[in-house]
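When reading the values below, keep in mind they use all heavy atoms of this one structure, side chains included, and skip hydrogens, waters and symmetry mates. Predicted, not measured: the structure shown is a model, and the values here were computed from it. Below, read A as the first sequence line, B as the second, and so on, with proteins coming before strands; counting in each chain starts at 1.
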Amino acid sequence: MSTLETTLESHEHAHHGPAKGIGRWLFTTNHKDIGSMYLWFSLLMFFIGGCMALLIRAELFQPGLQLVEPGFFNQMTTMHGLIMVFGAVMPAFVGLANWMVPMMIGAPDMALPRMNNWSFWILPFAFAMLVSTLFMDGGAPNFGWTFYAPLSTTYAPPSVTYFIFAVHMMGISSIMGAINIIATILNMRTPGMTMMKLPLFCWTWLITAFLLIAVMPVLAGVVTMMLMDIHFGTSFFNAAGGGDPVLFQHVFWFFGHPEVYIMILPAFGIISHIIPTFARKPLFGYASMVYATASIAILSFLVWAHHMFTVGLPLVGELFFMFATMLIAVPTGVKVFNWVATMFRGSMTFETPMLFALAFVVLFTIGGFSGLMLAIAPVDFQYHDTYFVVAHFHYVLVPGAVFAIMAGVYYWLPKWTGHMLNETMGKLHFWISFIGVNITFFPMHFIGLAGMPRRIPDYALQFADFNMVASIGAFIFGLSQLIFLWNVIACVRGGRRAEARAWEGAEGLEWEVASPAPYHTFATPPKLPETPR
Amino acid sequence: MSSSTYYVPEQSRWPILASIALFLLAYGAGTLLNAMNADRGGGLGLVLLLAGALMMGLILVGWFGNVIHESRDGLYSPQMDRSFRWGMSWFIFSEVMFFAAFFGALFYVRTLALPWLGGEGDKGVSQMLWPEFTAQWPLFNPPDAEQFPGPREVISPWHIPLLNTCLLVTSSFTLTLAHKALLKNERMQVRRWLFLTIVLGLVFLGFQAYEYVEAYHELGLTLQSGIYGATFFILTGFHGLHVTLGTLMLIIILGRIVVGHFSPRQHFGFEAVAWYWHFVDVVWIGLFLFVYVL
């Protein structure tokens, strides 16, 4: 500790604090400022996308059309998906990486600080453009977040053009953010921190960043082909000119499947920090965690067509993608085993971050298992495009990715704000969220298996009861997020002082610096503390 | 490790300005395209687009200007240099994946989609739509010839494309010679080889433009002429844009050489552009093989 403080004093050039006023946020090159902006932006998007979800659930509360037109319902499902994926989950993880990666590896800042600022500030503009389509003639994009051609080309509203450019902007932002994270992790580690001593959050983000750089350009490619089909008369996705609408799905899912791992790998990293802390034991199987993450990333490039089992693939394709998909269960199983083994005979306590982490392990695994069911091609013929799929990916994304983000926020808030969380309020948030999320999404398995298709505003009477239950759960879950907002604001404004090592069992460089972390953390590379692994 | 001097820049106005410029570009382009599609005048869209482009151009000059000044003031450590190297490498990788998407589309259409459209395989649904369609490549007869009239002829690989291949491969060599000269600090030689590289790039672009004119006016090969035209123009078009950008970057590098920038030991700006140029060259080899020859 003392050596750190003296090194900070000695470097007077980087020592002054944040600038005053709005300029601090507009022009900043500080990874902590940029991380905070990412996180607040993500929270805003989470609430906007969440309101759309609640509108969807309100319409589905009863059969029949009560609240919205079917066309507007389609716009809501589309915008909800796009905003949650690109606006809420991805920026939240980038925000956490911005805050934590430099502190975890002992770097003064991100490798390319100005580009870091640019990566963030593109996003508000991109989403302003995307959301503005709601007010345009013909309405917002209404073709689902997967924007399959020809729905998104021949039959799309004019606002699709703005959608395409918004996706381009999000892609540019993601790629620059990912390049920055890779350069930081590969180049800015403090001396002695070898790759196999890298904290797991950094490892998972390193691999996530690789996935982002590999697939965001493919997304850019596919929306470019859409743009050409719509405005320049090409026939990429039109069989009349020799193209193929299925080509769209192949290119989209070549992006889309790695994308879903982009949204879960950093979550794995967060959980791999929280569980050892509150079990007061080093992580079980560090190296196998690293290899499992890398295996998942590699496999993610070989499984895309499992989203397309019913499109008319040749049998050999169905078989290949079925088995390749099931293979992913192996490294994922390694991870779940390691988390459980870390807790085995640990001195566990159950503070709010740990509760979210435990719920993550259990509920993400449920989502993983329903994924295995969907991977079985012949069975998928029944499940395809039903609420079973909706249940599956909401289980991996909401109590999966979102719970991990919340766990991470609660875990690191003391480091960011210098204040401990009000545990009672934290636990209240957890339990209401936990109950709400299960009431919302568990019944969707049943109505999906019974045959209710996704993305429709009305449904047959036999699905009424479970839909009503799901809608009630959605409002419980949605409203409970106001407690989360309250908790974060309360923690920023005050509370019990946090120690440098805010949690008793926490290990790593980020817990060696004061809480709140000083504006500039490591002007010179710190010494690695001796940590048992 | 000399990382104690890692340079963390002060606040900067460029990123937020660049975000605004990017927004203007995107919003302007969207408005312009939608107006064209609805046969309305695209006045506002065009104005926004041009304003965005101009603003982005100025920002790039200013931002890179900042970086160049900082570099020449000696603020950058070897560690900073490595950050730039990682940054540029991964940027080029992202470009590789961008082209991979279009190459993937080409391969998919040629090996799977078209044969299926012609009745191969056990799915045969398209046979009901266009029973008389036969698959071939190049595709002169798109299934719906009214909507997508096929090309009468396609570009022969052994005339301009072969010449262009020679030009671009040669330019990679001349650029390497320029780099070698820079390492030996023979600055006149650097200028010469760099100038030659730029000329080769410009001649390539000229031929490419000529080829496009010929395709449109003589051969009936257009964006609208079915999947052959679509894949042909998207691949060669984006490659051409990259050559344009690369040539522009080379011109800037030549300008910096002329005013005395870069030393034999420190010249990452030069190397980054060289990497980019070689990447563009490699993409062309792929294009020549898979778009023109095969």
TODO: With a 4.5 angstrom heavy-atom cut-off, could you sort out which part of A:I172 is near chain B: side chain, backbone, both or neither?
DONE: side chain

- [ ] Identify which part of A:L219 has an atom lying under 4.5 Å from any heavy atom of chain B, answering side chain, backbone, both or neither.
- [x] neither

Open item on the list: Could you go through B:R85 and A:N187, starting from their C-alpha distance and side-chain angles, then the distance that decides it, and tell me whether this counts as side chain to side chain contact (heavy atoms under 4.5 Å, CB included)?
Closed with: CA-CA 10 Å; B:R85 281 164 197 276; A:N187 189 32; over 6 Å; no

- [ ] Give, as side chain, backbone, both or neither, the part of A:I122 having an atom under 4.5 angstrom from any heavy atom of chain B.
- [x] both

Task: Part of B:I20 lying under 4.5 Å from any heavy atom of chain A - done: both

- [ ] Would you check if B:F148 and A:T234 make a side-chain contact, meaning some heavy-atom pair closer than 4.5 Å?
- [x] no

Task: Atom of A:A183, atom of B:S83 and distance for their closest heavy-atom approach - done: CB-O, 4.2 Å

- [ ] Could you walk me through whether A:W118 and B:I16 pass the side chain to side chain contact (heavy atoms under 4.5 Å, CB included) test, one step at a time?
- [x] CA-CA 6 Å; A:W118 198 22; B:I16 182 76; over 6 Å; no

Task: Largest heavy-atom contact set with chain B, pairs under 4.5 Å, which of A:I182, A:L112, A:V160, A:D33 - done: A:I182

Open item on the list: Tell me the closest heavy-atom pair linking A:M129 and B:A26, and the distance in Å.
Closed with: CE-CB, 3.7 Å

Task: Under 4.5 Å from any heavy atom of chain A - which part of B:L33 - done: both

Task: Ring center gap for A:F165 and B:Y27 short of 6.0 angstrom - done: no

TODO: Look at atom CG of A:D137 and say whether more than 12 heavy atoms of other residues, nucleotides or ligands are closer to it than 6.0 Å.
DONE: no

- [ ] Give, as side chain, backbone, both or neither, the part of A:H250 having an atom under 4.5 angstrom from any heavy atom of chain B.
- [x] side chain

- [ ] Give me the ring orientation class for B:F93 and A:F210: parallel if the planes are under 30° apart, tilted from 30 to 60°, perpendicular past 60°.
- [x] parallel

TODO: Measure the shortest side-chain to side-chain distance between A:M225 and B:I234 over non-hydrogen atoms and say whether it is less than 4.5 angstrom.
DONE: yes

- [ ] Could you check which of B:A29, B:P142, B:G226, B:P143 has the highest count of heavy-atom pairs closer than 4.5 Å to chain A?
- [x] B:P143

Open item on the list: Is B:N141 in contact with chain A via its backbone, its side chain, both, or neither, using a 4.5 Å heavy-atom distance?
Closed with: neither

Task: Separation of A:L247 CG from B:L106 CG (nearest 0.5 Å) - done: 10.0 Å

Open item on the list: On a heavy-atom basis, which atom in A:P314 and which in B:W116 lie closest, and how many Å separate them?
Closed with: CG-CZ2, 3.5 Å

Open item on the list: Whether the side chain of B:Q224 engages the backbone of A:F232 through a donor-acceptor N/O pair (distance < 3.5 Å, no angle test) should be reported.
Closed with: yes

Open item on the list: Would you say the ring centers of B:W14 and A:W121 fall short of 6.0 Å from each other?
Closed with: no

Task: Heavy-atom contact with chain A under 4.5 Å, split by part of B:A113 - done: both

Open item on the list: Counting only non-hydrogen atoms closer than 4.5 Å, does A:D229 touch chain B with its backbone (N, CA, C, O), its side chain (CB onward), both, or neither?
Closed with: neither

Open item on the list: Pairing donors with acceptors under 3.5 angstrom, does anything connect the side chains of B:Y6 and A:T524?
Closed with: no

- [ ] Could you check which of A:L26, A:D109, A:L186 has the highest count of heavy-atom pairs closer than 4.5 Å to chain B?
- [x] A:L186

Task: Heavy-atom side-chain proximity of A:M110 to B:V8 below 4.5 angstrom - done: no

Open item on the list: Check this for me: B:F107, atom CZ, are more than 12 non-hydrogen atoms of other residues, nucleotides or ligands nearer than 6.0 Å?
Closed with: yes

Task: Validation row: A:N30, B:Q11 side chains within 4.5 angstrom (heavy atoms) - done: no

Open item on the list: Counting heavy-atom pairs closer than 4.5 Å to chain A, which one of B:A135, B:A101, B:P9 comes out on top?
Closed with: B:P9

Task: Contact class of A:M188 relative to chain B, heavy atoms under 4.5 angstrom - done: both

Task: Closest approach of B:F23 to A:M169 (non-hydrogen atoms, all atoms of both residues) - done: CA-CE, 3.9 Å

Open item on the list: Rounded at 0.5 Å granularity, tell me how far CE in A:M136 sits from CG in B:N34.
Closed with: 8.0 Å

TODO: For each of B:A105, B:G229, B:S89, B:A145, tally heavy-atom pairs with chain A at distances under 4.5 Å, and name the one with the top tally.
DONE: B:A105

Task: Polar side-chain atom of B:Q147 near backbone of A:G241 as donor-acceptor pair, under 3.5 Å - done: no

Task: Interchain contact, B:L139 with chain A, by part (heavy-atom threshold 4.5 Å) - done: side chain

Task: Contact origin within B:T31 toward chain A - heavy atom pairs under 4.5 Å - done: both

Open item on the list: Just checking B:E132: does its CD atom have more than 12 heavy atoms from other residues, nucleotides or ligands closer to it than 6.0 angstrom?
Closed with: yes

- [ ] Only one of A:I213, A:I179, A:I175 passes side-chain contact (heavy atoms from CB on, under 4.5 Å) with B:F91; say which it is.
- [x] A:I179

TODO: Taking the side chain as every heavy atom from C-beta outward, state whether B:Y108 and A:D244 have any atom pair closer than 4.5 Å.
DONE: yes

Open item on the list: Is B:T231 in contact with chain A via its backbone, its side chain, both, or neither, using a 4.5 Å heavy-atom distance?
Closed with: both

TODO: Specify which of B:L22, B:L114, B:V96 makes the most heavy-atom pairs with chain A at under 4.5 Å.
DONE: B:L22

Task: Lys/Arg-Asp/Glu bridge criterion (N-O < 4.0 Å) met for A:R24, B:E10 - done: no

TODO: Side-chain contact test, heavy atoms from C-beta onward, threshold under 4.5 Å: evaluate it for A:T184 versus B:W86 and give yes or no.
DONE: no

Task: Which portion of A:F236 sits near chain B, non-hydrogen atoms under 4.5 angstrom - done: both

Open item on the list: For chain B, which candidate among A:A240, A:A107, A:P158 shows the most heavy-atom pairs at distances under 4.5 Å?
Closed with: A:A240

Open item on the list: I'd like to know if the side chain of A:N117 and the backbone of B:S12 have a donor-acceptor N/O pair within less than 3.5 Å.
Closed with: no

TODO: Indicate yes or no: at least one non-hydrogen side-chain atom of B:F233 is less than 4.5 angstrom from one of A:M228.
DONE: no

Task: Region of A:F120 in contact with chain B, defined by heavy-atom distances below 4.5 Å - done: neither

